Number of protein chains: 2
Amino acid sequence: MRREFKKKSKVLLIDDNYEHLVGIRELLNIEGTFDVVGIATNVSVGLNLIKKYQPDIVLLDMNMPDKDGLQGIIEISKLNMDTKVLALSGYDDADLIFRAMKIGAKGYVLKTMASAQLIYAIEEVLNGKIYLPLALSSRFFEYFQQSFREETAKQESDEENLLSYLTQREEEVLELLTQGITYKGVANKLFISETTVKTHVNNIFQKLQVNDRTQAVLYAINNGFLTKKVKIAV
Amino acid sequence: MRREFKKKSKVLLIDDNYEHLVGIRELLNIEGTFDVVGIATNVSVGLNLIKKYQPDIVLLDMNMPDKDGLQGIIEISKLNMDTKVLALSGYDDADLIFRAMKIGAKGYVLKTMASAQLIYAIEEVLNGKIYLPLALSSRFFEYFQQSFREETAKQESDEENLLSYLTQREEEVLELLTQGITYKGVANKLFISETTVKTHVNNIFQKLQVNDRTQAVLYAINNGFLTKKVKIAV
DNA sequence: GTTGTCATAGACCATGTGGTCTATATCCGT
DNA sequence: ACGGATATAGACCACATGGTCTATGACAAC
């Protein structure tokens, strides 16, 4: 007969508010399935403790004075220790949530949330899932969609988008321009003369209302040409 | 005394599966707070019905043969009628969820989910919220973070990134190059001679291992220079 | 104090780039 | 059959761009 001891998960807490830190530790200790291996009131100390104790998960406060939580997430992930980060915050700031999730937080919970929900979040994250409470994911998505709104609008509205005026051939030429290829290079790739390429390029400039290839390339990239990439400010 | 009649919300259903269509209609009718103003088995017909009945919300199946659901969302949003779209799908395809949310779906629910959850989702969306069930938001976030992983890794690792070899002044020059400015323009902006700009630019080319400004600009953009923008494939 | 890096700048030259104009062949729609 | 859009291409020109070499003053490092 094989008896399985469920190994307690190692948790590390980072929060500049010491009372809160102790409060969570108590909560997790009472819960019984967690082992709080360390607490820290700033990121630097926290990083050292992480290296030392290799916790399964770190609860990281986002709003700290010295080094901000986002930077903390990045530095923890740089350790390459598959330590998961659950972000903690007092506010449901959409921008902060977005950025935290973007750089790899496995979840984000508010300090005001019920302790049961915190426990649940930790367990979900430990199970390899990503956990964002409904209220926060809703905020996240508003922000997320907002980020795309202008871009999408610009790209979807065929009016306005000067790229739509380009002919098939002109698009091919522009695509090669966006790879930083010279007239001669384009001519060779398309099996046409260099002069023809120049003619196409000039027409492209006219249509995109730009003066040189760099501007044309920038316009193309910023307006959804090519691999259809869209930007999000970090 | 003022009596308020809660106005029923107008709902429109689009799904190529007729049985499913009727099933949902029945469900919503029984619920009583919804008024199913129309059903359609394809997007084209659906669009006309939307124009005609101006529903508050459209339940749109993502997996349809003729015109796919994503396109449907785009076309509905192009109508500019603040009709909200709740995406419906049989599968929890992360890519599909991601793209649907990106282009503005207010929610995404699986056909296999309990009818109570569907009702709840509709109500949330009608209340102006964005609703993504936990299971799906989890999938979404995996995909979302995955999209950023390579980019982030590339940008965070200061080794490898040739941009880090640039001096302060060279970065300034490069930044201006990425705006499509000529040598002369850069010289004026930085109050230095055109020759100096050329020297800087040449040094930049050396460091970035490229041959011309277009390539330099492309390198800069693709490696997190500038406004720190990050790409997501659509 | 010598070495190194950086920002500055001039000279010279080859070539790439952009502007303009003209011209032909093809294809499409009517 | 004709006009319009498109792809092709030549000629000519002005100038922007890129390559290379040299040089100087400032400043930091050691």
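These figures come from a predicted structure and were not determined experimentally. Chain letters run A, B, ... following the sequence lines, proteins first, then strands; residues in each count from 1.
When each of A/Q206 and A/I181 is assigned the nucleotide of DNA chain C with its nearest heavy atom, A/I181 is the one assigned upstream, toward the 5' end.
A side-chain donor from one of A/S89 and A/N63 sits under 3.5 Å from a side-chain acceptor of the other. Checking B/T199 against B/T196 by side-chain atom types alone, no donor-acceptor pair falls below 3.5 Å. Under 3.5 Å, the side chains of B/Y143 and B/D95 contain a donor-acceptor pair of N or O atoms.
When rounded to the nearest whole Å, the span between CG of A/D212 and P of D/dA16 equals 11 Å. Rounded to whole angstrom, the span from the CG atom of B/N211 across to the P atom of D/dG19 amounts to 7 Å. Rounding to whole angstrom units, CZ of residue B/R213 and C1' of D/dT17 are separated by 7 Å. The distance from atom CG of B/L177 to atom C1' of D/dT17 is 11 Å, rounded to the nearest whole Å.
Residue contacts shown for B/T182 are limited to sugar-phosphate atoms, with no base heavy atom under 4.0 Å away. Heavy atoms of A/K198 sit under 4.0 angstrom from at least one base atom.
Not a single donor-acceptor pair under 3.5 Å links the side chain of A/K84 to the backbone N or O of A/K106.
Screening B/F140, B/Y108, B/F98, B/Y131 against A/F141 for a ring-ring contact (aromatic ring centres under 6.0 Å, His included) leaves a single residue, B/F140.
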| message | Could you go through A/R169 and A/E172, starting from their C-alpha distance and side-chain angles, then the distance that decides it, and tell me whether this counts as salt bridge (Lys or Arg N to Asp or Glu O under 4.0 Å)? | response | CA-CA 5 Å; A/R169 200 56 161 171; A/E172 292 178 51; 3.0 Å; yes
| request: Could you give me the CA-CA distance, side-chain angles and deciding distance for B/D56 and B/T83, then say whether side-chain contact (heavy atoms from CB on, under 4.5 Å) is met? | output: CA-CA 5 Å; B/D56 299 300; B/T83 296; over 6 Å; no
| Worked check of salt bridge (Lys or Arg N to Asp or Glu O under 4.0 Å) between A/K10 and A/D35 | CA-CA 5 Å; A/K10 287 186 285 183; A/D35 181 11; over 6 Å; no
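When the local axes at the two ends of the helix from C/dG1-D/dC30 to C/dT30-D/dA1 are compared, using 5 base pairs at each end, they differ in direction by 50° after rounding to 10°.
For CZ of A/F205, the number of neighbouring non-hydrogen atoms (other residues, nucleotides, ligands) closer than 6.0 Å is greater than 12. B/K207 NZ: more than 12 foreign heavy atoms inside a 6.0 Å radius.
Proximity of B/Y183 to the phosphate of D/dG18: a side-chain N or O atom is located under 4.0 Å from OP1 or OP2.
With a cutoff of under 4.0 Å to any heavy atom of chain A, the contacted region of DNA chain C is bounded 5' to 3' by C/dG16 to C/dT20.
The existence of a salt bridge linking A/K111 and A/D15 is confirmed by a sub-4.0 Å separation between a basic side-chain nitrogen and an acidic carboxylate oxygen.
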Short heteroatom pairs, N/O only, protein and nucleotides 6-8 of chain D, under 3.5 Å:
unit_1, atom_1, unit_2, atom_2, d
D/dA7, OP1, A/T167, OG1, 3.3
D/dA7, OP1, A/R169, N, 3.1
D/dA7, OP2, A/T167, OG1, 2.6
D/dT8, OP1, A/R169, NE, 3.1
D/dT8, OP1, A/R169, NH2, 2.7
D/dT8, OP2, A/R169, NE, 2.9
D/dT8, OP2, A/H200, NE2, 2.8

